[in-house]
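Notes to accompany the following structure.
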Amino acid sequence: GSSSVTIKLLLVAIIFCGANSYEYPCTYTSSTGEYYDLSPLSDCSGNGYTVEGDNGFQINICNTVVGCGGDSAVCQEGQYNAGEPDHATFSDFNGGKGVVLTYSNGDNDAGCPQDRVSVVTFICQENATEPQITFTSENPKCVYNMQILSAAACPTTSAPQINLCEVNVFLVPHTHDDVGWLETIEGYYSTQVKNILDTVLEALVANPDRKFIYVEQAYFWRWWTDGNTTDEQRVQFKQIYANGQFEFVIGGWVMQDEACTTYGADINQMTLGHQFLFNEFGAHPTKGWQLDPFGASSVTPTLNKLAGFDAHLIDRVSNKAAYASAQNLQFEWYGSPSMGDKAAIFTEIMDGGTNAYCDWFFAFDFESNPVNSGNVAQYAQTFIQMVEARVPNFKTPNILAAWGCDFQFQNPVPMFESMDLVVQYLQQNYETTHINVKYALLDEYFDAVKNYAATAKTQFTVNYAGD
């Protein structure tokens, strides 16, 4: 008999176990010159897809199925090798309008006197959000025929094969500095923010690999025009900005509230900040970073899109766990139904707790327990566990690690020195962990997500809802 099952692809990081750490060749150019990359269908966890058929199969495209006695791309009844990934051949389907992937060198026994073979036909279905797999027949005996309908089976542009067995972690250092709260603006500036900006500059100058993002232009303008800020500091800042070590995010005078503000006030404060940044640095921020408001209004992403933004990030929302479990933390937000695409912006809900923008900061107690050769592995394991917890919640293997919190980085040099050691340790152990971590700007993260999605034909949820 035959039946169809819809599969949800779950990306899982490979954490020190070494299993399924190698993805086999997964690209093919047909006889008519069309290029295919099936690697988005590969599951790095090794679980693959369950296919309901005559005897039950597990299949992992261009990879291996764990627990099936050897390197099996297709596993029958949980024990028989029905084809190996290193004995795979591509061929045309339907005159070059599809792909056939044949796995050979499977097990033979009394039930199958010749080696088992699996023939998987991939058919392009552009609008498919998830692959649909059908077991079609066993013909001839011990040759298992299956069919997969997927957007990943559509021809694409020639590009390096996507490696789903790699998780890219973008470590983005940041501080959130309330423009007035428990103290006055000047009180915060003189006691905390000036020191943050002075010493973050020092830390970035000391190591060109380090990066930082900043939001509140009320404070940055105060620092830039402060008579105590030296000409040398201004020259140094322009150099690190030119080097791509510093990014202005949002670019408004404040990280505006989203409940009590008016259109006019929001536009005015954004205009004030953007004019300052453009006049001084030629900067034009294009990313939203609404971490602290208690709720998210559809007005903010709409205005941001009209101001030239191309991505938006929020944190405090209800039912965050539901978004995460459905891999809907990233979506296209149509904030104004009447404006349609003109107001649509790619949006991400930050994964983690209620104050997720602080999660990575408080996971590492560098001030009281600096990193050294004796504890760096333990810190790296904590880092890996945080990555592992987030990978299944996203549709691309790119993770944002927002390292910071309210008025943090008042003593950044030792903090960066500790995190440098953790990053170096993870980079040195990449072949084991398959986690690629680096300091990054928010712009780099969103570019990676969008570039991957374009290559893999990843489809994100469209959200027409309001606030």
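Heavy-atom basis, side chains included; hydrogens, waters and symmetry copies ignored. Bear in mind that the values here come from a model prediction, so they are computed numbers and not experimental data. Throughout, numbering of the chain's residues begins at 1 and tracks the sequence.
Sorted by first then second residue, the salt bridge (charged side-chain N to carboxylate O under 4.0 Å, His left out) pairs that include residues 284-299, not counting sequence neighbours, are Lys287-Asp310, Lys287-Asp443, Asp292-Arg316.
Using cut-offs of 30° and 60° on the angle between ring planes, the pair Phe416 and Phe409 is tilted. Between Phe135 and Phe57, the two ring planes are parallel [angle under 30°; tilted spans 30° to 60°]. Aromatic ring pairs are classed by plane angle as parallel below 30°, tilted from 30° to 60° and perpendicular above 60°; the pair Phe248 and Phe237 is tilted. Ring orientation note: the planes of His174 and Tyr357 are tilted relative to one another, at an angle of 30° to 60°. Classified by interplanar angle (parallel below 30°, tilted 30° to 60°, perpendicular above 60°), the ring pair Phe246/Phe220 is tilted.
A donor atom on one side chain and an acceptor atom on the other are found under 3.5 Å apart for Thr461 and Asn328. With 3.5 Å as the limit, one finds a donor-acceptor pair spanning the side chains of Tyr430 and Glu166. Looking at Glu280 and Tyr241, their side chains never bring a donor and an acceptor atom within 3.5 Å of each other. Judged by distance alone, the side chains of Thr261 and Gln256 never bring a donor and an acceptor atom under 3.5 Å apart.
For the side chain to side chain contact (heavy atoms under 4.5 Å, CB included) test, residues two or more places apart in sequence or in another chain that qualify with Gln125 are Ala128, Leu149. For Gln239, the side chain to side chain donor-acceptor pair (under 3.5 Å) partners at least two apart in sequence or on another chain are Asn243. Partners of Ala88 by side chain to side chain contact (heavy atoms under 4.5 Å, CB included), not counting sequence neighbours, listed by chain and number: Leu101, Tyr103. Partners of Asp351 under the salt bridge (charged side-chain N to carboxylate O under 4.0 Å, His left out) rule, at least two apart in sequence or in another chain, do not exist in this structure. Legend: residues meeting ring pair (Phe, Tyr, Trp, His ring centres under 6.0 Å) with Tyr323, ordered by chain and number and at least two apart, are absent.
Closest heavy-atom contact between Met255 and Ile250: CG-CD1, 4.1 Å. Taking each heavy atom of Val99 and Phe93 in turn, the nearest pair found is N-CB, 3.7 Å.
For the atom pair Glu247 CD and Phe212 CZ, the distance stands at 12.0 Å (nearest 0.5 Å). To the nearest 0.5 Å, atom CZ of residue Phe364 and atom OG of residue Ser418 are 11.0 Å apart.
Formation of a donor-acceptor pair under 3.5 Å by the Lys320 side chain with backbone atoms of Gly353 is found in this model. Gln269 contributes a side-chain N or O that, together with a main-chain N or O of Trp253, makes up a donor-acceptor pair within less than 3.5 Å. Counting only distance, with no hydrogens or angles, the side chain of Glu258 and the backbone of Ser297 share a donor-acceptor pair below 3.5 Å.
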Evaluate side-chain hydrogen bond (donor to acceptor under 3.5 Å, both in side chains) for Thr134 paired with Thr136, printing each intermediate quantity in order.
-> CA-CA 6 Å; Thr134 304; Thr136 57; over 6 Å; no
Practice prompt. Assess whether side-chain hydrogen bond (donor to acceptor under 3.5 Å, both in side chains) is satisfied between Glu348 and Tyr445, documenting all intermediate values.
Written response: CA-CA 11 Å; Glu348 177 173 330; Tyr445 168 69; 2.6 Å; yes
key: Asn60 and Asp43: CA distance, side-chain angles, deciding distance, side-chain hydrogen bond (donor to acceptor under 3.5 Å, both in side chains) verdict   = CA-CA 6 Å; Asn60 199 358; Asp43 179 8; 5.4 Å; no
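Taking the six-membered ring for Trp, Tyr214 and Tyr219 have ring centres at least 6.0 Å apart. Between Phe407 and Trp181, the distance separating the two ring centers is not shorter than 6.0 angstrom.
Screening Phe346, Phe331, Tyr452 for a ring-ring contact (aromatic ring centres under 6.0 Å, His included) with Phe460, the sole residue that qualifies is Phe346.
Using a 4.5 Å heavy-atom threshold, the side chains of Arg390 and Asp359 count as touching. The shortest side-chain heavy-atom distance between Leu313 and Met350 falls under the 4.5 Å cut-off.
Ion pair Lys438/Asp209 not flagged as a salt bridge, since none of the NZ, NE, NH1 or NH2 atoms sits closer than 4.0 Å to an Asp/Glu carboxylate oxygen.
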